[in-house]
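Please read the structure below before turning to the comments.
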Amino acid sequence: MSAAFERRTFAPGELVFKEGDPGDSLYVVEKGRVRIWRGDEIHPTIIGTVDEKGVFGEMAIFDRKPRMANASAEMESVLMRMPASVLRESLYGADPLLRQLVQLLIDNIRTMARRLDELEQRVG
């Protein structure tokens, strides 16, 4: 499976992907740290960080919807990129109940993110 990954180095602050981009791949942090955030660069809403050996960008692959957040390198980071087609091929062989459970979890996360956006608009 390692042949399916493409290695790339990102400079501090460099964008890996933007909110709304198509989910064409997932990433594994080989070295460094990645920030996941929403909103604009001046006043970002930080969702979290992904450290070494962490995975991000998978949700858009599972449900084929646009990216729901931005991802950028917090420091120089080496990321391994896996194309969506490789992950989807693995998923097709998984138990249908497991696939349904993963989809339910992703739907719940997207619903919570939408509700947080609504709350931020009311407060801000």
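Computed from heavy atoms alone, side chains included, the values below leave out hydrogens, waters and symmetry copies. Just so it is clear, the model here is predicted, and its values are computed rather than measured.
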Check for a donor-acceptor pair, side chain of [X] on one end and backbone N or O of [Y] on the other, with a separation under 3.5 Å.
{"X": "Thr111", "Y": "Asp107", "value": "yes"}
{"X": "Thr9", "Y": "Val78", "value": "no"}
{"X": "Ser85", "Y": "Pro83", "value": "no"}
{"X": "Asp21", "Y": "Arg67", "value": "no"}
{"X": "Glu118", "Y": "Arg115", "value": "no"}

Note to self: Test side chain to side chain contact (heavy atoms under 4.5 Å, CB included) on Asp117 and Arg38; report intermediate values, then the result.
What the structure shows: CA-CA 9 Å; Asp117 285 345; Arg38 298 186 75 183; 2.8 Å; yes
So do [Y] and [X] actually touch side chain to side chain, heavy atoms under 4.5 Å?
{"X": "Arg33", "Y": "Val50", "answer": "no"}
{"X": "Tyr27", "Y": "Val55", "answer": "no"}
{"X": "Val28", "Y": "Phe5", "answer": "yes"}

Next item on the list: For the pair Phe17 and Phe56, name the ring-plane relationship: parallel under 30°, tilted 30 to 60°, perpendicular over 60°.
Entry: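 Ring orientation of Phe17 relative to Phe56: tilted.
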Margin query: For Arg8, is there an ion pair with Glu30 - N to carboxylate O distance below 4.0 angstrom?
Written below: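 No salt bridge links Glu30 with Arg8.
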Item checked: Ion pair check, Glu6 and Arg81, cut-off under 4.0 Å ->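 Salt bridge: yes.
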Check: Within 45 degrees of the axis of the six-membered ring of Phe62 and under 6.0 Å from its centre: does Arg64 put its NZ or CZ there?
Finding: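 Output no; distance or angle outside limits.
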Next item on the list: Hey, could you give me each pair passing side chain to side chain donor-acceptor pair (under 3.5 Å) that has a residue in residues 46-63? Not counting sequence neighbours.
Entry: Asp63-Arg110
Margin query: side chain to side chain contact (heavy atoms under 4.5 Å, CB included) for Met59 and Ile109? Distances and angles first, verdict last.
Written below: CA-CA 9 Å; Met59 284 179 46; Ile109 290 169; 3.6 Å; yes
Checklist line | side chain to side chain contact (heavy atoms under 4.5 Å, CB included) between Glu74 and Ser72, intermediate numbers included | finding: CA-CA 6 Å; Glu74 280 197 346; Ser72 56; over 6 Å; no
